[in-house]
There are 2 protein chains.
Amino acid sequence: MPVTIRDVATASGVHMSTVSRTFSAPHLVNPETRSRVLAIAEQLGYRPNRAARALITGRTHNLGLIVADLANPFFPPLIKAAEGQARQRDHHIFVADANEDPLVEEELVLAMAKQVDGVLLCSPRMSNSVIEQLSRDVPLVVVNRSIPGLPCVVMDVGQGARRAVEHLVELGHRQLALLGGPRGSWTNREIRRSAVAAARLAGAELAIISPNPPTEEGGYAAAELVVRDPATAVLAYNDLMAIGLLEGLDELGVGVPDQVSVVGIDDIELARRTRPKLTTVATPAGAAGRAAVDMLLQHGDDRRTTAQAVLQTELVVRESTAPPSAAAAGAETSNRE
Amino acid sequence: MPVTIRDVATASGVHMSTVSRTFSAPHLVNPETRSRVLAIAEQLGYRPNRAARALITGRTHNLGLIVADLANPFFPPLIKAAEGQARQRDHHIFVADANEDPLVEEELVLAMAKQVDGVLLCSPRMSNSVIEQLSRDVPLVVVNRSIPGLPCVVMDVGQGARRAVEHLVELGHRQLALLGGPRGSWTNREIRRSAVAAARLAGAELAIISPNPPTEEGGYAAAELVVRDPATAVLAYNDLMAIGLLEGLDELGVGVPDQVSVVGIDDIELARRTRPKLTTVATPAGAAGRAAVDMLLQHGDDRRTTAQAVLQTELVVRESTAPPSAAAAGAETSNRE
DNA sequence: ATGAAAGCGCTAACAT
DNA sequence: ATGTTAGCGCTTTCAT
């Protein structure tokens with residue numbers, strides 16, 4: 001039923017190889033023949049079978065993209081940017097959701113391996129060694145994680161976390177809390193490391209509440225813990241958690257930023273729309289997606305360069321941060337009511 | 001570099017075909033040989049090349065899934081459910097984002113055609129005829145749209161819209177507005193049709209504000225139009241728009257539900273978290289994803305049955321709807337201030 | 001139970 | 001500029 005290269009060949013009275021050339025190396029075929037073949041192909045509705053072609057060329061013109069969780073609004077902009085970039089380079093992107101599960105992640109890479117020219121691993125939860133292992137089967141570019149020897153695209157969340165802490169300290173906060181993300185997250189470790197260092201440097205205390213699911217629910221559920229802590233300001237692993245925290249605090253009657261300041265990370269679309277609007281560390285998701293695609297595509301030609309792109313982040317101050325209130329400040333000496 | 005079936009054959013001292021059988025028809029091979037081959041394959045890290053296998057069997061064990069917009073939170077639950085179902089059936093799902101663009105959509109289907117056993121088209125923006133055309137190249141299941149002769153999974157949004165209108169009327173509203181979605185959306189037409197009918201039946205007026213981008217921005221931007229309209233209650237094309245509208249109205253100092261009631265459609269996660277919590281028509285996205293996968297998979301065996309699954313929707317009343325206020329009710333006779 | 005051979009749709013030398 | 005041939009990695013008759 002599907003029309004093959006052979007059908008086109010017979011119908012246009014040339015050999016298969018000529019039809020093949022018409023598509024993959026047009027300049028090698030007589031213009032007249034070419035247009036005739038093209039016409040027939042069009043008329044027959046012929047479409048080259050990319051899978052069959054890949055079997056021999058070794059290039060599928062497909063890229064795989066695996067994300068930890070499709071439902072996290074941080075990813076769609078990254079994915080869309082990657083798709084746009086890939087399209088420009090005549091490639092297609094197949095997305096798959098790993099469900100925050102390292103095993104699923106691994107299985108997906110293996111399943112994709114032979115059908116794509118490379119895989120973008122976004123915020124992988126697998127161990128470094130598993131990723132290194134996998135990278136022998138298929139070219140990999142890792143996003144949101146740094147692994148020595150592998151091409152990586154990371155956002156400088158460490159710098160972002162530092163800026164966030166500095167911002168809070170400048171406002172007068174001395175008791176901070178960090179709402180950590182999931183285990184196995186490189187980003188989480190980076191944030192914690194920088195936040196701890198920055199707090200120490202500024203002479204502020206930093207309580208760590210961790211691990212938590214990197215979701216709104218996670219932030220929402222953590223609201224109680226935050227309230228029990230003497231912290232007057234909290235930095236969350238990502239915007240989703242920060243937003244959940246906002247809701248949780250509101251539910252508990254704790255005013256933001258009056259009683260507690262909240263900072264997120266990512267600057268997802270929604271961060272502009274909360275009440276109060278969320279102060280957050282903007283990460284360039286779109287740029288990361290494009291960079292990752294570029295690295296994957298050029299990595300194919302030259303397997304030696306394993307560049308590590310570091311993208312800058314930026315603190316966006318909105319309404320969820322303010323100086324600690326007199327009431328809260330007093331809590332350090334007197335008891336809370 | 002990649003290890004092939006031939007490598008395994010030589011290493012285990014049997015013929016390729018035996019290795020092949022070990023994987024695709026284990027019962028046809030001697031248990032001893034089988035375990036030996038399996039051991040060697042494991043040790044060599046052999047993975048059958050699905051693409052090569054597909055060339056001959058005609059089945060890739062991959063499914064394509066194309067969504068109108070990955071950034072719409074309505075889709076992730078559907079996608080995740082579809083992936084789960086596919087995994088159970090030993091299939092993988094490749095997702096792609098059509099960017100609300102019919103042309104991109106078509107291109108994606110064509111690109112996927114030979115690499116998947118079928119494609120799930122979610123909320124397609126293409127014309128019926130284009131879809132019908134494409135369905136000759138690759139098995140298609142359409143979600144959120146009804147096309148005669150094609151297997152479809154639709155949510156009964158018409159019934160949902162009717163219930164929403166009835167709910168509003170029961171509360172006492174007589175001036176309603178419908179915030180429509182994008183052109184080319186089957187769902188949009190269904191909603192409009194049912195809402196109009198239900199309003200007429202109930203003796204209420206229904207203004208139609210359309211088309212709008214089916215996004216938060218779309219709803220936000222429409223707030224002004226809503227305020228100019230005498231309507232005391234509005235039904236939005238989806239939750240995203242309803243939430244945007246909530247924000248827009250808030251910005252304009254219009255209280256919800258005190259001055260205007262708002263109803264969404266979809267019941268996305270976020271709808272539970274807005275302030276006020278959104279009254280909405282819940283659509284069973286997960287069930288739709290699973291049903292679509294099932295249809296696609298059984299459709300492969302039996303091309304004649306083109307079932308149309310209709311999934312029920314349900315009105316979820318939360319806090320964004322209330323009786324019209326005296327002030328607003330008075331606006332019909334006196335002038336608004 | 002296993003081997004031999006043909007071929008899926010296509011491309012890539014190598015001829016001519 | 002075009003045809004011939006071989007073969008990518010795998011499955012599937014058909015023999016044995």
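Atoms considered below: every heavy atom in the structure, side chains included; atoms not considered: hydrogens, waters and symmetry mates. Chain naming here is simple, since letters A, B, ... match the order of the sequence lines and numbering starts at 1 in each.
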Output one letter per nucleotide in nucleotides 6-16 of chain D: B when a protein non-hydrogen atom lies under 4.0 Å from the base, S when only the sugar-phosphate is that close, - when neither is.
-BBBBBB----

Pairing of B/Glu105 and B/Arg125 as salt bridge, 4.0 angstrom limit
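Result for this pair is no, no salt bridge flagged.
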
Could you state the atom-to-atom distance from CG of A/Leu28 to P of C/dA12 in whole Å?
11 Å

Any luck finding a side-chain donor-acceptor pair between B/Asn128 and B/Arg145 under 3.5 Å?
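Indeed, the side chains of B/Asn128 and B/Arg145 share at least one donor-acceptor pair under 3.5 Å.
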
Would you check if there is a donor-acceptor pair between the side chains of B/Asn62 and A/Gln115 at a distance under 3.5 Å?
yes

Which dot-bracket notation, 5' to 3', represents the base pairing of DNA chain C when pairs are defined as Watson-Crick or G-U with both distances under 3.5 Å, crossing pairs as [ ], and inter-strand pairs as |?
|||||||||||.||||

Flag yes if more than 12 heavy atoms outside A/Arg36 fall under 6.0 Å of its CZ atom; otherwise flag no.
yes

Pairwise salt bridge (Lys or Arg N to Asp or Glu O under 4.0 Å) hits with a residue in residues 70-97 of chain A, at least two apart
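As it turns out, the salt bridge (Lys or Arg N to Asp or Glu O under 4.0 Å) pairs with a partner in residues 70-97 of chain A, which skip direct neighbours, are A/Arg50-A/Asp90, A/Lys80-B/Asp69, A/Lys80-B/Asp97, A/Arg87-B/Glu107, A/Arg89-A/Asp294, A/Asp97-B/Lys80.
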
B/Thr33 side chain N/O closer than 4.0 Å to the phosphate oxygens (OP1, OP2) of C/dT2?
yes

Holding to ring-ring contact (aromatic ring centres under 6.0 Å, His included), I want the full list of residues that pass it with B/Phe75, two or more places apart in sequence or in another chain.
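B/Phe75 satisfies ring-ring contact (aromatic ring centres under 6.0 Å, His included) with no other residue.
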
Output all residues satisfying ring-ring contact (aromatic ring centres under 6.0 Å, His included) with A/His15, sequence neighbours left out; order by chain, then residue number.
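A/His15 satisfies ring-ring contact (aromatic ring centres under 6.0 Å, His included) with no other residue.
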
Could you tell me which residues satisfy side-chain hydrogen bond (donor to acceptor under 3.5 Å, both in side chains) with B/Thr22, sequence neighbours excluded, listed by chain and number?
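With neighbours one apart ignored, the set is empty.
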
